[in-house]
Amino acid sequence: MTVDVQTTRERFEESLADLEVPVTRTEPTALESALEEIVREPAIGTPLEFEAVSLPDWIDDAPTPATLEAATTSVTSASFGIADYGSVVLPARPDGSEQVSLFPELHVPVLRESDLVPDMPTAIDRLGPVLRDGGSAILATGPSATADMGALVRGAHGPKAVHVVLLGDGETDE
Amino acid sequence: MSDAGGRRSKAAHIRRLLETEGDAVEENTIGFNRGRYESVADLEDYEELKSEARAIKEDAIERLPALIDELTATVEENGGTVYLADDAADANRYIREVASEQDADRLVKSKSMTTEELEVNEALEADGVDVVETDLGEWVLQVADEAPSHIVAPAIHRSEVDIARLFNERFDPEEPLETAEELTAFARERLGGLIREADVGMTGANFITADSGTIALVTSEGNARKSAVVPDTHVAVAGVEKIVPSVEDLSPFIELIGRSGTGQDITSYISLLTPPVESPVVDVNEPDVAFADRDDDREFHLVLIDNGRMAMREDDQLRETLYCIRCSACANSCANFQSVGGHAFGGETYSGGIATGWEAGVHGYDSAAEFNDLCTGCSRCVNQCPVEIDIPWINTVVRDRLNRGGDEGQFEFLVEGLTPDEEPGGIDLQKRLFGNYETLAKLGSATAPVSNWLADAGPARTVLERVAGVDSRRELPAFKRETLRDWYESRGPRIDAADAEREVVLYPDTYTNHVDVDRGKAAVRVLEALDVRVRIPAVPESGRAPLSQGMIDTADERASRVYAALAEHIDAGRDVVVIEPSDLAMFRREYEKLLPEASFDRLREGSYEVLEYVYGLLENGTDADALGGTDAEVAYHSHCQQRTLGLEPYTTTVLETAGYDVLESDVECCGMAGSFGYKTEYYELSVDVGDRLREQFTTPAARDRIVAASGTSCEDQLGSLLERDAVHPVELLDPRRRSGR
Ligand code: SF4
């Protein structure tokens with residue numbers, strides 16, 4: 001059966017497809033061009049937490065309340081992803097990454113393929129020490145949504161759309 | 001509810017809701033219910049997850065005082081404050097103080113049923129604080145000045161058109177709003193502005209972890225995140241029962257809560273906030289200061305609410321309520337709730353099946369009494385609850401306690417001789433009448449057909465309706481002069497003990513014995529066709545009738561007598577075969593509460609639903625030929641309690657083996673639910689619930705089929721809804737029927 005040989009990444013991508021969330025795989029060196037395809041300006045972001053990878057300079061990485069309100073897209077790093085659910089784990093940091101991921105219409109979480117975990121128990125085990133250390137995080141799955149106005153609508157108080165960027169390890173594919 | 005006037009006004013209230021809110025509630029709850037079935041089907045270890053969640057809650061409530069201490073220490077160490085409030089007034093006083101210290105003009109809130117319980121909005125508004133609900137559904141209700149009709153989706157009783165009309169009237173936008181999309185965009189815009197200028201943010205909590213002081217919030221809109229992080233002060237309000245020991249305990253709940261509620265595998269946001277959070281304040285007064293350059297001093301207050309919960313913890317029957325994670329599965333899977341929603345099926349704050357426990361515990365028995373009757377004990381919610389709470393049992397216990405607290409019955413003298421129960425004098429006459437159905441049935445058969453003529457005569461029906469609330473629109477069951485046992489005694493067994501494959505005791509339930517004797521005879525013939533020797537001894541009523549009226553002592557006494565009557569048969573190797581699923585469910589489920597464990601186990605293991613038994617015989621090699629030879633088409637409605645026990649596949653399989661083409665209904669309940677549909681105040685609701693079944697059985701694919709149902713109430717309900725007679729499946733296998741005699 002294909003399920004048996006399905007990798008964690010394939011499972012993650014399949015979960016995102018079920019959620020109708022697009023995903024782009026890219027190597028760190030090609031991140032900028034990948035973002036050019038996805039991002040609608042004005043764009044803000046917070047510094048990516050990965051070594052040797054940074055946001056292109058046309059994304060404002062020192063947002064303020066004013067730019068937060070004005071931005072159309074935000075790009076932030078996700079600590080890890082949960083394959084079974086297509087969730088990304090967004091940390092709350094002093095640089096405002098949590099709010100930045102929430103306000104703009106389109107959120108682009110960037111995460112490393114090596115940071116995918118298969119399921120919820122593994123994800124929560126990984127969060128245990130972080131939370132006990134005073135940290136906070138959001139398990140975000142797809143865009144914000146509501147059915148309170150009589151029909152399902154994407155984009156309630158949070159983003160209308162999410163586009164996940166999955167970073168390879170910088171070596172050859174597969 | 002012991003007088004005719006009270007019944008009339010209750011009926012009128014229900015009728016109004018059926019007309020105004022019923023359609024929207026039905027569409028939404030049935031959507032959630034279907035979503036839940038689909039979503040949990042994807043979970044390989046669904047049952048294990050439920051047991052795990054249950055175990056965590058049991059342990060947490062057991063250790064609650066210690067966990068409160070641990071959590072308090074953790075939150076304080078993190079830099080927050082914990083206040084343990086005794087009751088609503090105490091909590092509100094503290095929250096008002098926090099608001100006044102902050103000089104708060106505006107407080108923004110995310111959805112929280114616990115704050116509804118406290119009525120904190122009113123308390124703050126009295127101090128001049130502008131309280132804004134930011135959950136879109138809650139905001140609709142705030143604008144409309146209404147109470148939630150559902151614990152998760154508070155405005156499901158309102159349609160898109162309804163909300164558009166409300167907003168257009170209230171806000172008079174330049175372009176009138178129409179679609180859900182436009183309404184959402186409008187609300188987002190408007191609420192976004194209000195959140196930006198808020199001084200305090202208030203949230204509830206779905207779970208709180210004692211080891212880290214983390215507030216877990218399960219939401220989809222993103223408003224809880226905004227409410228918690230935009231202002232510099234966060235107040236979280238939560239019942240003490242929300243505490244779990246550690247972060248790792250969250251996992252099963254996260255996997256279960258969205259699926260169980262609205263049928264989503266997971267909601268958009270599971271926020272795990274450990275306040276005071278590191279996220280910077282979004283300060284409108286400093287719009288150009290980069291977040292990274294701020295140095296905020298956030299304030300966090302956790303207000304833990306007792307308000308009756310610690311007493312519930314001491315109460316052996318109500319304690320289970322504290323395990324509830326308020327997912328709403330018990331409401332969405334409830335046939336009555338699907339018709340009327342929380343404005344009828346709810347008390348001061350909470351709604352749905354478990355609300356009885358919550359209301360009794362936090363607001364008192366008067367509030368629970370308002371809607372407790374709406375739980376018919378159909379048990380469809382039992383397997384849906386992610387923490388395995390026996391919700392119908394809690395309803396039964398509260399009903400029993402209400403019976404005991406009731407006023408002296410007005411018409412006591414009328415029923416004294418008819419009601420040899422164990423109940424106190426004050427119990428409502430209607431309940432007493434239905435609870436003692438067995439005595440009525442005995443008398444009815446003994447005096448049939450005169451009893452039937454009398455019962456059906458106009459004046460008698462009028463009195464019965466006025467005094468006991470038995471609706472005259474219902475046909476009463478006609479008692480047979482010759483009971484099943486009489487018939488069998490004169491006929492005798494047709495299988496010799498020496499030739500018999502097995503020997504069984506056919507349980508003569510009250511209805512089969514006195515009213516639908518034909519299905520009993522059919523069962524005998526079917527069993528004999530499979531070489532089973534049948535006995536029909538005298539066995540008392542199972543206790544189902546009194547239990548459904550909340551008469552636990554009477555049911556308890558019945559259970560003992562039933563066990564005494566059956567134990568020797570079981571020991572002699574005879575299987576107990578039961579036709580009526582509601583009685584079998586007593587033996588297999590409710591007797592756990594009424595009998596010693598060993599007795600319960602013995603009866604549970606030794607008793608079978610009749611078609612389950614036939615299935616077992618066929619599986620063990622009995623020749624199915626005796627049953628075969630038809631290709632007729634059947635529309636089959638299983639019984640609610642039969643489905644909870646997972647037994648309906650046996651019936652469909654056996655019918656198919658016999659050659660029938662079976663179409664099965666998928667409604668949760670027929671709406672009759674024993675005596676429920678006979679009661680004047682609930683007659684219309686019962687018909688509305690039944691209508692969903694009627695629709696399924698009048699489609700082109702179903703309307704010409706033979707109608708079969710496993711329960712007596714379902715047979716009666718179907719008979720009157722469809723104006724076609726319904727039969728028990730065992731009658732379809734009856735050799736006599738198949739030979740055309
Ligand atoms: S009782 Fe169970 S099913 Fe009902 S709301 Fe609570 S957790 Fe959900």
Side-chain angles (χ1 to χ4, degrees), chain A residues 15 18 46-47 61-69 82 84-87 89 91-100 102-103 119-125 127-153 155-159, chain B residues 28 78 134-137 140 153 155 158-163 179-181 183-184 187-188 191-192 209 211-212 214 220-223 225-226 229-230 246-248 250-251 254-255 262 265-275 277-280 282-284 286-292 294:
Chain A
S15 301
D18 288 346
T46 50
D61 70 354
T64 64
T67 58
L68 181 69
E69 293 284 347
I82 309 169
D84 274 355
Y85 287 89
S87 311
V89 179
R93 291 194 317 245
D95 62 12
S97 59
E98 204 248 290
Q99 291 92 320
V100 169
L102 181 63
F103 280 64
D119 52 27
M120 191 58 71
T122 317
I124 296 298
D125 278 352
L127 280 169
V130 177
L131 300 182
R132 278 187 285 272
D133 201 30
S136 301
I138 313 291
L139 312 188
T141 312
S144 84
T146 184
D148 284 347
M149 296 297 171
L152 183 71
V153 177
H157 288 275
Chain B
N28 286 304
N78 290 344
T134 63
D135 172 86
L136 299 189
V140 167
R158 283 184 162 265
S159 64
E160 192 175 8
V161 179
D162 241 9
I163 299 170
T179 63
E181 196 96 25
L183 292 164
T184 303
R188 175 194 170 116
L191 290 169
T209 55
D211 63 341
S212 67
T214 301
S220 274
E221 294 183 357
N223 63 309
R225 292 172 62 187
K226 284 188 176 169
V229 302
V230 171
S246 73
V247 175
E248 285 74 8
L250 294 173
S251 185
I254 293 174
E255 298 212 70
T262 52
D265 295 353
I266 191 168
T267 59
S268 301
Y269 304 121
I270 306 288
S271 301
L272 303 170
L273 304 177
T274 311
V277 293
E278 290 173 61
S279 293
V282 182
D283 190 346
V284 273
E286 298 179 327
D288 299 319
V289 176
F291 291 122
R294 297 185 63 88

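All chains are named by letter (A, B, ...) in the order of the sequence lines, taking the proteins before the strands, and each is independently numbered beginning at 1.
- Only the backbone of B:Thr267 comes within less than 4.5 Å of a heavy atom of chain A; no side-chain atom from C-beta onward does.
- Judged purely by atom type and a 3.5 angstrom limit, A:Asp84 has no side-chain atom pairing as donor or acceptor with the backbone of A:Asp119.
- At distances below 3.5 Å, at least one donor-acceptor pair connects side-chain atoms of B:Arg188 with backbone N or O atoms of A:Gly158.
- Per-residue counts of heavy-atom pairs under 4.5 Å with chain A were compared for B:Glu160, B:Lys226, B:Arg225; the largest is that of B:Arg225.
- A donor-acceptor contact shorter than 3.5 Å is absent between the side chain of B:Glu221 and the backbone of A:Ala156.
- When the candidates A:Asp125, A:Leu127, A:Asp95, A:Leu102 are compared by the number of heavy-atom contacts under 4.5 Å with chain B, A:Leu102 comes out ahead.
- B:Ile163 touches chain A through its side chain: at least one heavy atom from C-beta onward sits under 4.5 Å away, while N, CA, C and O do not.
- Annotation: maximal heavy-atom pairing with chain B below 4.5 Å, among A:Ser87, A:Ala123, A:Ala145, occurs at A:Ala145.
- Using a 4.5 Å cut-off between heavy atoms, B:Val140 touches chain A through its side chain atoms alone.
- Looking at A:Pro143, only its backbone comes within 4.5 Å of chain B, counting heavy atoms on both sides.
- A pairwise comparison of heavy atoms in B:Asn78 and B:Ser212 identifies ND2-O, 3.1 Å as the closest pair.
- Between chain B and the residues A:Pro47, A:Ala140, A:Ser97, A:Pro94, the most heavy-atom pairs under 4.5 angstrom are made by A:Pro94.
- At distances below 3.5 Å, at least one donor-acceptor pair connects side-chain atoms of B:Ser220 with backbone N or O atoms of B:Ser268.
- Of the atoms belonging to B:Asp283, it is backbone heavy atoms, and not side-chain ones, that fall under 4.5 Å from chain A.
- If you measure heavy-atom distances from B:Val230 to chain A, the contacts under 4.5 Å come from the side chain alone.
- Of the listed residues (A:Pro63, A:Pro65, A:Gly150), the greatest number of heavy-atom pairs within a distance under 4.5 Å of chain B belongs to A:Pro65.
- Among residues two or more places apart in sequence or in another chain, the side-chain contact (heavy atoms from CB on, under 4.5 Å) test is passed with B:Ser251 by A:Met120, A:Pro121, A:Ile124, B:Glu255.
- For chain B, no part of A:Leu152 is nearby; none of its heavy atoms comes within less than 4.5 Å.
- The contact between A:Glu98 and chain B is made by backbone and side chain atoms together, counting heavy-atom distances below 4.5 Å.
- No hydrogens or angles considered: nothing links the side chains of A:Asp18 and A:Ser15 as a donor-acceptor pair under 3.5 Å.
- Screening residues 128-139 of chain A for side-chain hydrogen bond (donor to acceptor under 3.5 Å, both in side chains) gives A:Arg132-B:Asp211, A:Arg132-B:Glu248 as the qualifying pairs, with residues at least two apart or on separate chains.
- For chain A, the nearby parts of B:Leu136 are the backbone and the side chain; heavy atoms of each come within less than 4.5 Å.
- Most heavy-atom pairs under 4.5 Å with chain A: of the set B:Ser271, B:Ala292, B:Ala290, this distinction falls to B:Ala290.
- Most heavy-atom pairs under 4.5 Å with chain B: of the set A:Ala137, A:Gly142, A:Ala151, this distinction falls to A:Ala137.
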B:Thr214 vs B:Thr274, test: side-chain hydrogen bond (donor to acceptor under 3.5 Å, both in side chains). Steps then yes/no. CA-CA 4 Å; B:Thr214 301; B:Thr274 311; 2.9 Å; yes
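- For the set A:Gly134, A:Ala92, A:Ala62, the count of heavy-atom pairs under 4.5 angstrom toward chain B peaks at A:Gly134.
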